[in-house]
Amino acid sequence: MSVGELADICRTGDINYRFSSRSSAREGIAAHKKIQKTRPDGYFSEHSVAYQVKCGCFGISINGRVDGFSMSDDIMLVDEIKSIRVNPEVIPEYVLEQFWRQACFYAFMLASEMDVAEVLVRLCLFHLDEEQEYQLEQLFSVGELTFKFAEAILVLVDRLESRRQWRQIRSKANKTLSFPYPNYRPGQRDLAVTVYRQLVTSGQLVLQAPTGIGKTIGTLFPALHALEKTGKRRIFYLSAKTSTQQMAEKAAEQLSGAGARIRLVTLTAKEKICFNPGLPCDPDYCNYAKGYYDRVNLAVREMLDLQDHFDRDSIERFAKHYEICPFELGLDISQEADLIICDYNYVFDPAVYLRRYLKSQSFESIALIDEVHNLVDRGREMHSVELVSSQFLRFARLIRSRSPALANAGKIVSRALLKLSREDDLFVTGDFFLLNEPPVALTSLLHKFCKQVEATLLHHNSGTEAPGDSLSLYFEVLRFLRIAEDYDADYVTLLQRADDSEVRVKLYCVDPSNRLAIAFDRLSGVVCFSATLQPTRYFKALLGIDNSAHWQELPNPYPREKLHVAMATYVDTSFSGRESSIEALIELIDAVISSRPGGYLVFFPSYSYLDATYETFAAKHPDTHVVTQKPKMTDKERQEFLDHFDGDVVCGFAVMGGIFGEGVDLKGRRLIGTIIIGVGLPGLSVDRDLIRDRYAEDGFKFAYQYPGFTRVLQAAGRVIRSEKDEGVVCLVDSRYAEIGYQKLFPSQWQPHKVLSATSLRHSLADFWVGR
Ligand code: SF4
């Protein structure tokens, strides 16, 4: 482990965003070089040190690089350089203690290589904005340094010993673990065997597996066995949606019910789990930040004594009990987890990925990536960022009474953006302007803006009004600057003029594959899976998967006769034809849902289309039980919507690509049909057009058609969820008759073209008869 990690084990004090490192890696390296250059001859920079210690059954190796050292008259001087953005006097004691701890560990390791009795340890605090170095010095005997180092090693050994004991318990239970059901579903055993084989040999597997074969437990079960076999530290179960994460939790519970021992932690986004949303993570504002590091170790120990599974609710409960931050507690207890269930961003987002587990070349983590078709668009989002001029004006208004100077800084950025929007010669393509480089003048203004925000926030007095919302803009600007540093040919800069008073600037990662590939490389053994990975060349081009990855399609084990696919090409779903075809659509919906009692989902291309149809449908069929999706539904509202599907006639109106398009698992009569209106195309946008332009002849397909059809397949995949399920999918759009779409149909489908509601009724009656 690294010296920094060893020092972290002994950390005390508060969570304090003001003193977490806000310098970028590039700034930190530059600061180190600057200081090292000022040192006299005989000074050694970036000297590698390593120390091995055997303690009981543990062989521990600590590695690191001393920033700089020199020897004179038997005194060794060791420098530890830290970049700061605050006046050193305001740095709290516990933060300095952490700096000293790290410096002393380096000094101890270096002293062990050389024959010295004392070491002069120097903290060099380099103020990035003032470009000034502040020095603090302390003389330590080697005995004192040894004591500090040994203290930390003992804490580490204690932790390793408790992990060793847990591993013994886990191995004993899991080595003999059987599949938790009497039988595998059709195709599920093949899935499990394929996953196991891949994970024990590392590498990457991309698996297209049909819906309804039980992918969650079919991948988790072999992954647990692979964990035992390979000795890897943990499994990540990654997904884009809370609903799929809940399915993984349920599968883990089933495995535990069958005798498995798994320490499971579900990570929840900070915005969702925070007890004080909107407040800064600072002991002056949030009680749960105060003394966090003084209490968290005890909390984690006691939690592990009580239970194995920690979902969001239980993390919140324990966090309340110990009065500590639930978000950080989740991260800290995940260090003891065998299975971490979380969103993709904990592995793929450059700003929030879990560095503690994903160091390059450490290869300790296996990953199961569910619904991986989502990773392309999520990858774009994670690596893109945008700022809007009005955000700065709003910031100025919020902060005006507290700091007129800071409000002015916000106005300056806003004015600079608006000025751009008035330079008509820039906007040669209407209201959009593209650059193939980051906006240099703007980034330099933003750097200044950040400095002013930091200066104001850092010099606040305890108890003053919290910066609240204004901080979120600051963090977004930091993200913008970080991405600007990483900018390359995969990016474009987009300036968009909304109106005379609004301009947005976006650093847009059009091709996320190279960045996703870097994250994949940090994992050892990856299984990506989804029911919809067609056409393969699209995902090969954009997913960032290695060329050597193994791609496999598992055959659909269910008889094709179980699913009836009807193509209603006679309803005009085009934007201009919607109003006139609403009657035909309502008749079609009625034909489907009256063909057999049960649950149905109708997917619309937009909320406006959904609302217009619902209004007319409800007036015409007042007795039909219809529930409708609303924008921005919470997890609770989503569940309430799904609870309506109890096996009786119910019709859910939802939007394509939304929260009901994936991860909905309604078996039997709870869902026996979907009606899919349109071909799922994402809305026309300049962002999508940029993707189209990048991929030349594949452009429309990569930007619109394939992502759209993936939504169609996902929506259709809600019907067959188990070997007993049977049902109908009704595709409503004239484009389904085109060869370009029919080529994308799964081989399992046998579509029946219908040209009227009457022929649809006949076709469905034929399907259901005798079932
Ligand atoms: S509870 Fe919220 S505000 Fe407080 S430290 Fe945690 S994340 Fe930050």
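Atoms within a ligand are numbered from 1 in the order they appear, just like the ligands themselves. Given the structure is predicted, the values throughout are model-derived calculations rather than measurements.
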Could you tell me whether Lys241 atom NZ has more than 12 heavy atoms of other residues or ligands within 6.0 Å of it? yes

For Leu279, counting its heavy atoms only, list the atoms of ligand 1 lying under 4.0 Å from any of them. 3 (S)

CD1 of Ile341 to CZ of Arg312: how many Å apart, nearest 0.5 Å? 14.5 Å

Please work out, at 4.0 Å between heavy atoms, whether the side chain, the backbone, both, or neither of Glu328 comes within that distance of ligand 1. neither

Which one holds for Cys281 and ligand 1: side chain close, backbone close, both close, or neither close, with close meaning a heavy atom under 4.0 Å? both

At what distance is the nearest protein heavy atom to atom 2 (Fe) of ligand 1, and which residue and atom is it? Cys274 SG, 2.2 Å

side-chain contact (heavy atoms from CB on, under 4.5 Å) with Leu339: of Thr266, Leu264, Asp308, only one passes, and it is Leu264

Taking the six-membered ring of Tyr353 as reference, does the cationic atom of Arg355 (NZ for Lys, CZ for Arg) lie under 6.0 Å from its centre and within 45° of its axis? yes

Specify whether an N/O/S atom of Cys325 falls short of 2.8 Å from atom 6 (Fe) of ligand 1. yes

Which of Arg159, Arg163, Gln165 passes side-chain hydrogen bond (donor to acceptor under 3.5 Å, both in side chains) with Glu161? It is Gln165

Give the residue, atom name and distance (to 0.1 Å) of the protein heavy atom nearest atom 4 (Fe) of ligand 1. Cys286 SG, 2.3 Å

